[in-house]
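Written out below as structure tokens is the structure these notes cover.
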Amino acid sequence: QVQLVESGGGLVQPGGSLRLSCSVSGITFSIYNSGWYRQAPGKQREMVATITSGSSTNYADSVKGRFTISRDNARNTGYLQMNSLKPEETAVYYCNARFAFSDGAGYEYWGQGTQVTVSS
């Protein structure tokens, strides 16, 4: 069974920091691309950051310079370091893992999400 479990969310003041973790089991995580996404109330889910199996990263423009995505393949774990958090970034944060063949076919898995609340 494939399982992705996020942790590290919680309540933080504006300008504060959180580090989210994504524990992965049931797949060879090292060959999967991975990413973090968030969904705020009343809004669509958006990409926050992605990291390839080769550790190439991409970020949403709104988080560049403040967030860092990383992975520890030996521990089957992904991370998202979030600094200088803003109230509008209050959302449920989800991690995923994806493997795609060159023809577009592949597999994608999602965690259950962890709540991040940025408020004073």
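Only a predicted model underlies this, so the values are computations on that prediction, with no experimental measurement involved.
- The number of heavy-atom neighbours closer than 6.0 Å to CZ of R45, taken from other residues, nucleotides and ligands shown, is above 12.
- By the 4.5 Å heavy-atom criterion applied to side chains, Q81 and S70 are not counted as neighbours.
- Q39 and Q44 are not linked by any side-chain donor-acceptor pair at a separation below 3.5 angstrom, with hydrogens and angles left out of the test.
- Side-chain polar atoms of T52 and N33 form no donor-acceptor pair below 3.5 angstrom.
- Side chain to side chain, N73 and R71 meet the donor-acceptor criterion of an N or O pair below 3.5 Å.
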V63 and R38: CA distance, side-chain angles, deciding distance, side-chain contact (heavy atoms from CB on, under 4.5 Å) verdict: CA-CA 12 Å; V63 309; R38 65 189 177 195; 4.0 Å; yes

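- When all heavy atoms of P14 and P87 are compared, the pair lying nearest together is CG-CG, 3.9 Å.
- Counting heavy atoms from C-beta on, the side chains of V5 and Q112 come closer than 4.5 Å.
- Taking 4.5 Å as the limit, some side-chain heavy atom of L20 sits within range of a side-chain heavy atom of M82.
- Ionic pairing of E89 and R66 is present here: one or more N-O contacts between side-chain nitrogen and carboxylate oxygen are shorter than 4.0 angstrom.
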Pair L80-R19, side-chain contact (heavy atoms from CB on, under 4.5 Å): steps then yes or no: CA-CA 6 Å; L80 182 68; R19 189 194 197 200; over 6 Å; no

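- Side-chain contact between Y59 and T50 is absent, with no heavy atoms from C-beta onward closer than 4.5 Å.
- When the side chains of ILVMFWY residues are joined at heavy-atom separations under 4.5 Å, either directly or via intervening members, V12 and Y93 end up in a single hydrophobic cluster.
- The hydrophobic clustering, which links ILVMFWY residues whose side-chain heavy atoms are closer than 4.5 Å, places V92 and L11 apart.
- Cation-pi check for R98 over Y107 is not met; the charged atom does not lie both under 6.0 angstrom from the ring centroid and within 45 degrees of its normal.
- Two rings, from F67 and W36, have their centers 6.0 Å or more apart.
- Grouping the Ile, Leu, Val, Met, Phe, Trp and Tyr side chains by contacts below 4.5 angstrom, directly or via other members, places F99 with V24.
- T77 places a side-chain N or O within donor-acceptor distance of the main-chain N or O of R75, the cut-off being under 3.5 Å.
- Note that the CD atom of E6 and the CG atom of N96 stand 9.5 Å from one another [nearest 0.5 Å].
- Between T90 and V116 there is no side-chain heavy-atom pair separated by less than 4.5 Å.
- Heavy-atom minimum distance, S30 versus S53: O-CB, 3.3 Å.
- Below 30°, between 30° and 60°, or above 60°: for W110 and Y94 the angle between ring planes is above 60°, a perpendicular geometry.
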Chi angles and distances behind the side-chain contact (heavy atoms from CB on, under 4.5 Å) call for Y79, I69: CA-CA 6 Å; Y79 302 96; I69 187 171; over 6 Å; no

Stepwise side-chain contact (heavy atoms from CB on, under 4.5 Å) test for F29 and S34: CA-CA 9 Å; F29 183 53; S34 184; 3.9 Å; yes

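- The hydrophobic clustering, which links ILVMFWY residues whose side-chain heavy atoms are closer than 4.5 Å, places V48 and I51 together.
- Distance OG/S21 to CG/D72: 10.5 Å, rounded to 0.5 Å.
- A40 and A91 get closest at one heavy-atom pair: N-CB, 3.7 Å.
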